[in-house]
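Computed over heavy atoms, backbone and side chain alike; hydrogens, waters and symmetry mates excluded. Chain letters run A, B, ... following the sequence lines, proteins first and then strands; every chain starts at 1.
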Amino acid sequence: MKQNLPTTYEPKTTEAKWYKYWLQKGLFAPNPSLKAEHYCIVIPPPNVTGSLHIGHALNNTLQDILIRTKRMQGFNVLWVFGMDHAGIATQNVVERQLAQENLSRNDLGRKEFVKRVWRWKQESGDAIVNQLKRLGVSCDWSRERFTMDEGLSRAVKKVFVQLYGEGLIYRGHYIINWCPRCHTALSDLEVEYHELDGHLYYLKYPLADGSGKLTVATTRPETMLGDTAVAVHPKDKRFSHLIGKQLVLPIVGRYIPIIADSFVTPEFGTGSVKVTPAHDLNDFEMGIRHNLQQIVVMDSDAKMNERAGKYAGMDRLECRKKILNELQDGGFLDKIEDYKHSVGHCYRCKTIIEPAVSDQWFVKMKPLAEPAISAIRQGEIELVPKQWENTYYDWMDNIRDWCVSRQIWWGHRIPAWYCEKCKQVIVQEEDPALCPSCSNTTFKPETDVLDTWFSSALWPFTTLGWPDWPEESLKSFYPTSVLVTGFDILFFWVARMIMMGLKFMDDIPFRRVYIHALVRDEHGKKMSKSKGNVIDPLDTMEAYGTDAFRFSLTALTTQGRDICLSEKRIEGYRNFINKIWNASRFCLMNLEGYQAQDIAALKLEPADKWIIDKLKQTIIGVSDAIEKHEFSRVALGLYQFFWHEFCDWYLELAKPRLYQADDQIARTTAQNIIIKVLENSLKMLHPIIPFVTEEIWQKLHPDESIMVAKWPDVQEEWLSLCDTDKSDNDCKNMGHIILIIEEIRRIRTMLNISPAKRIKVHLAVQGIQAVNMLKQNSAYIENLGKVDCLSIAQGEGKLPHGATGLVDGVNICVDILGLDLTQEE
RNA sequence: GGGCGGGUAGCUCAGUUGGGAGAGCGCUGGCCUUACAAGCCAGAUGUCACAGGUUCAAGCCCUGUUCCGCCUACCA
């Protein structure tokens, strides 16, 4: 069994080899004949917008750790893979490509454009799959799904139609967030707010009766063209005499009323506010309350339209300047103050969004949210870390209706038609044949598509086969075991999956949500291409190996904190991988004559019991940490055990027995222990670093994959053999011996004794038992302390001249007679 | 405005029910000791943000202050 291996681990060749092997053996798919508890994860589907970033690497590494562990623990495991069509984002990518050819999507037309996006989807999808394979993830590729594939599209239609039928989806004329660049409505969540330095402009509106002027404050003077009122607080005594009077809108000349509305904050600005129902959310609502006209003065590009008169065609910001000039000239501009305020931007293209009124489709959220709130409150779904529950409640308790229609081309068409004759809206899965109200047969189909997150919300059950359930077995994987995701999509995705799962499956979609952090650079800065601090997963895997990369991510994943990743750190863990490699190499090199033996046939030494006890503690700690999803604890516990306990101490302690040939049983014992410890370590390490562990495992067990090896079990005879609770003190004694060795080494260093030099050491301790213990373990001290003459005495002893130390009641004296200490000075 | 998280060794961070202040990297010194120089041995380094309080005992619990980050809101 003796084998020779190179001294440095070479990840590249190894990784490709084993991934292929696993695929060929079909180890990623669930075992239909296995009668075991199910463990299922559905992947957060990556967007088909290009390639994966480090956040994906983290997300999928953590999922793979759970999946691989559970597989080894005997569960019937399914990890569903799939991708998201990512409506706006993907459309933008393809539009940018077209722009390089000086084309727009309109040049192609809808049909051609969508074809082109499908082409891109193929390309991007392949890249994503390859990256994930490179990362070593063990998802079931045979069940790949796409949010726009046939089955999922059918599910989307079905859900839409049912919700519409129940009045939970409606079409309405409301104010929404409009992105003038993407040319589509956005949901509230898709708007990012950023603080901008702006101004507060004070405008003077004259009273129609000539009795004076009323000053309003605004950040957007250009919207005055669409003003249809000025509001004051009903209890504000300064203005109560003006309520009901008319103002003359400067420049425009239109008459607008002064209204009273408690929305107005008397302390802010002048206490009176201009009302533009068509271009501001609050004004819109005030407009409804007071039955005001909505005057739209901008078009879909956020340019002024014909209602803006001479400003028509102007960009909104340009128009602002011109209007201010004109107001100034007319004496309507009172003053301008600097003002910081937050402005909404499109989360996909960062353009400033424009509130606009239009016809859109909405999902009524309150009835869906209530059961989803109680699912968390009742503990049916657990959020890890728990602190996110507050955030969840906060949003869910104040949830607003969800605008789901998008005016883009890439996505699920809304299954609605309009009768060309009577304008009746028809919502159904199939094309209508006959108008139910006028029997007309010609219809205009809805051109809007659905928000991407609408189909994502159905992901946990559509990927498993709903509504057709082509494979009956998959049904039993719902609810899934855990969802692993970032906090940034808690509302976008997690909350909506819970709502839809409860609505359509009548059950939660997952029992637990593990929410991990964002990956930042080593100084905590967000990674971005423009800052140049991006760590690319592929480059990193190329440079340090996939295992080192995965181990780094895992070791840094502590709950409730962002992950700061530096190359230095990855390099450090690369060294750990190499350490594993070399320790394994050492074990394999010393297996001559090895035979697996029953414990009973072995002659265990204190060092053996000590390492077995440490292994046992590690198994308990690691298994527990995985169960609690404390990933950093998993990685660091294994690191500490393997490097510092196994390599630094045990292997050194075991070397004399491995190197000699006289005492066969001593040798066999040491061999059995190192193999036992190595195998158990490899198994626990495998979910984090699958490649190197498989490589070594198969040197011990040719053509038996570690992927399906049994997870370490502390009940096993081997591991229960050293029990510190029982009378056996060998483990504890070994701990004392280690301290003594360390003290001897310290003294050596202090005295500047060359590491190669063998020295004389005298030990003295109270009590015959203690003396016997030291005598029993003297070989360890001699070997690792480089001592060739160790004397052990009871009591104070008569210690000769020398340097002394004291450890746990043991007096240590290094004999300096005969030592050449001249180099000390 | 509201909420959450965080301020621990030069850097990045652990610290699970209060009792020993820790890891990795970096740094210093010594070693090619027959697995590993991507290594081995030894070492230095901290008013645990600040101020009070509870306690025999506080990095950990309570109150206040301050700085940083994030989320959220109808900041005209």
Side-chain angles (χ1 to χ4, degrees), chain A residues 5-9 188 193 195 198 200-203 216-220 223 230-231 263-265 268-276 280-286 339-343 385 387-391 393-395 398 487-488 490-491 517-518 520-526 544 548 552 555-556 558-590 624-625 628 630 632-633 636 639-640 644 647-648 651-652 655 659 741-742 745-750 752-757 783-784 786 823:
Chain A
L5 305 172
T7 61
T8 305
Y9 175 60
D188 297 331
Y193 288 88
E195 284 242 308
L200 201 53
Y201 305 91
Y202 290 79
L203 313 182
V216 297
T218 181
T219 53
R220 304 196 54 197
T223 62
V230 166
F263 159 76
V264 181
T265 310
F268 189 92
T270 59
S272 56
V273 58
K274 63 192 237 12
V275 184
T276 324
D280 181 279
L281 179 77
N282 301 309
D283 293 5
F284 178 83
E285 282 166 5
M286 256 194 286
Y339 186 62
K340 231 182 210 154
H341 61 143
S342 66
V343 177
Q387 76 217 34
W388 289 106
E389 290 183 4
N390 282 332
T391 313
Y393 295 138
D394 197 50
W395 188 70
N398 301 299
F487 61 81
D488 48 333
L490 183 62
F491 306 143
L518 244 52
R520 299 171 177 277
D521 77 0
E522 57 191 310
H523 304 296
K525 296 255 167 19
K526 216 167 177 167
Y544 299 100
S552 306
L556 291 166
T558 54
Q559 293 182 358
R561 200 187 254 251
D562 283 342
I563 293 169
C564 300
L565 187 65
S566 71
E567 285 224 19
K568 269 274 171 253
R569 199 76 187 242
I570 301 169
E571 194 184 316
Y573 290 124
R574 188 271 317 264
N575 295 351
F576 177 54
I577 305 296
N578 201 47
K579 186 75 183 178
I580 296 170
W581 177 253
N582 276 296
S584 307
R585 206 174 131 247
F586 171 79
C587 295
L588 291 162
M589 284 165 66
N590 287 285
D624 176 67
K628 293 181 177 145
E630 293 176 19
S632 166
R633 235 180 83 210
L636 298 180
Y639 183 99
Q640 169 69 23
H644 299 305
C647 294
D648 288 351
L651 290 183
E652 296 304 325
K655 271 179 183 176
Y659 287 158
I741 293 169
E742 285 178 334
R745 286 170 171 173
R746 258 191 296 275
I747 295 169
R748 292 182 65 115
T749 301
M750 246 160 49
N752 239 330
I753 300 171
S754 138
K757 171 93 185 162
N783 282 316
L784 298 198
K786 288 268 188 217
Q823 51 192 322

Less than 4.0 angstrom between a side-chain N/O of [X] and OP1 or OP2 of [N], yes or no?
X	N	answer
A:Asn575	B:rG39	yes
A:Thr391	B:rC71	no
A:Arg748	B:rA42	no
A:His341	B:rA73	no
A:Tyr573	B:rA23	no
A:Lys579	B:rC40	yes
A:Lys655	B:rU33	no

Look at all strands and tell whether [X] reaches a base, only sugar-phosphate, or nothing, counting heavy atoms closer than 4.0 Å.
X	result
A:Asp280	nothing
A:Ser632	nothing
A:Arg746	sugar-phosphate
A:Cys587	nothing
A:Tyr659	sugar-phosphate
A:Thr270	nothing
A:Ala583	base
A:Lys340	base
A:Val264	base

What interatomic distance, in whole Å, is found between [atom1] of [M] and the corresponding atom of [N]?
N	M	atom1	result
B:rA23	B:rC41	P	14 Å
B:rU8	B:rG15	C1'	9 Å
B:rG46	B:rA38	C1'	30 Å
B:rU66	B:rA51	C1'	10 Å
B:rG59	B:rU47	P	14 Å
B:rC61	B:rG18	P	9 Å
B:rC13	B:rU54	C1'	30 Å
B:rA35	B:rG19	P	42 Å

Quickly work out the [X] [atom1] to [N] [atom2] distance and round it to whole Å.
X	N	atom1	atom2	value
A:Asn582	B:rC32	CG	P	19 Å
A:Arg585	B:rA35	CZ	C1'	5 Å
A:Tyr193	B:rG3	OH	P	21 Å
A:Glu652	B:rC40	CD	C1'	8 Å
A:Glu571	B:rA37	CD	P	15 Å
A:Asn752	B:rU28	CG	C1'	14 Å
A:Tyr639	B:rA38	OH	P	14 Å
A:Asn390	B:rC70	CG	P	20 Å

Does [N] pair with anything, Watson-Crick or G-U wobble, both distances under 3.5 Å, and if so, with which nucleotide?
N	result
B:rU33	none
B:rG18	none
B:rG46	none
B:rG69	B:rC4
B:rA23	B:rU12

- Please check if the side chain of A:Thr219 supplies one atom and the backbone of A:Leu200 the other of a donor-acceptor pair under 3.5 Å.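 Absent.
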Would you find a donor on one side and an acceptor on the other, under 3.5 Å apart, between the side chain of A:Asn582 and the backbone of A:Asn578?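 Judged by distance alone, yes, a pair lies under 3.5 Å.
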Would you mind telling me which of [options] lies closest to the side-chain atoms of [X]?
X	options	value
A:Phe263	B:rC40, B:rC74, B:rC70	B:rC74
A:Phe268	B:rA35, B:rA76, B:rU12	B:rA76
A:Asp394	B:rU72, B:rC41, B:rC36	B:rU72
A:Phe586	B:rA14, B:rA35, B:rG26	B:rA35
A:Thr218	B:rC70, B:rC31, B:rA76	B:rA76
A:Pro755	B:rC31, B:rC25, B:rC13	B:rC31
A:Cys647	B:rG5, B:rA35, B:rU33	B:rA35
A:Thr749	B:rU33, B:rC40, B:rA42	B:rA42

Q) Are the aromatic rings of A:Tyr573 and A:Tyr639 close, with centres under 6.0 Å apart? A)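 Between A:Tyr573 and A:Tyr639, the centre distance is under 6.0 Å.
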(message) Assuming nearest nucleotide by heavy-atom distance, tell me which of A:Tyr9 and A:Val273 is located more 5' along RNA chain B.
(response)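 Per heavy-atom nearest nucleotide, the more 5' residue is A:Tyr9.
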Q) Start at the 5' end of RNA chain B and walk down; is the nucleotide closest to A:Gly572 or to A:Glu742 reached first? A)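 Taking each residue's closest nucleotide, the earlier one in sequence belongs to A:Gly572.
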If you compare all heavy atoms of [X] against all heavy atoms of [Y], which two are closest, and at what distance to 0.1 Å?
X	Y	answer
A:Ala517	A:Phe487	CA-CE2, 4.3 Å
A:Tyr9	A:Ile577	CD2-CG2, 3.7 Å
A:Val264	A:Gly271	CG1-O, 3.3 Å
A:Lys757	A:Arg748	O-NH2, 2.5 Å
A:Ala555	A:Ser632	O-OG, 3.0 Å

Salt-bridge criterion met for A:Arg745 and A:Glu742 (N-O under 4.0 Å):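 A salt bridge is absent here (no side-chain N lies under 4.0 Å from a carboxylate O).
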Quiz item: Taking atom types as they are modelled, is there a donor-acceptor pair under 3.5 Å from the base of B:rA38 to the side chain of A:Arg574?
Solution: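 For A:Arg574, whose side chain was compared with the base of B:rA38, there is a donor-acceptor pair (under 3.5 Å).
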Within the 4.5 Å heavy-atom criterion, are A:Thr223 and A:Lys274 side-chain neighbours or not?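 A:Thr223 vs A:Lys274: side chains touch.
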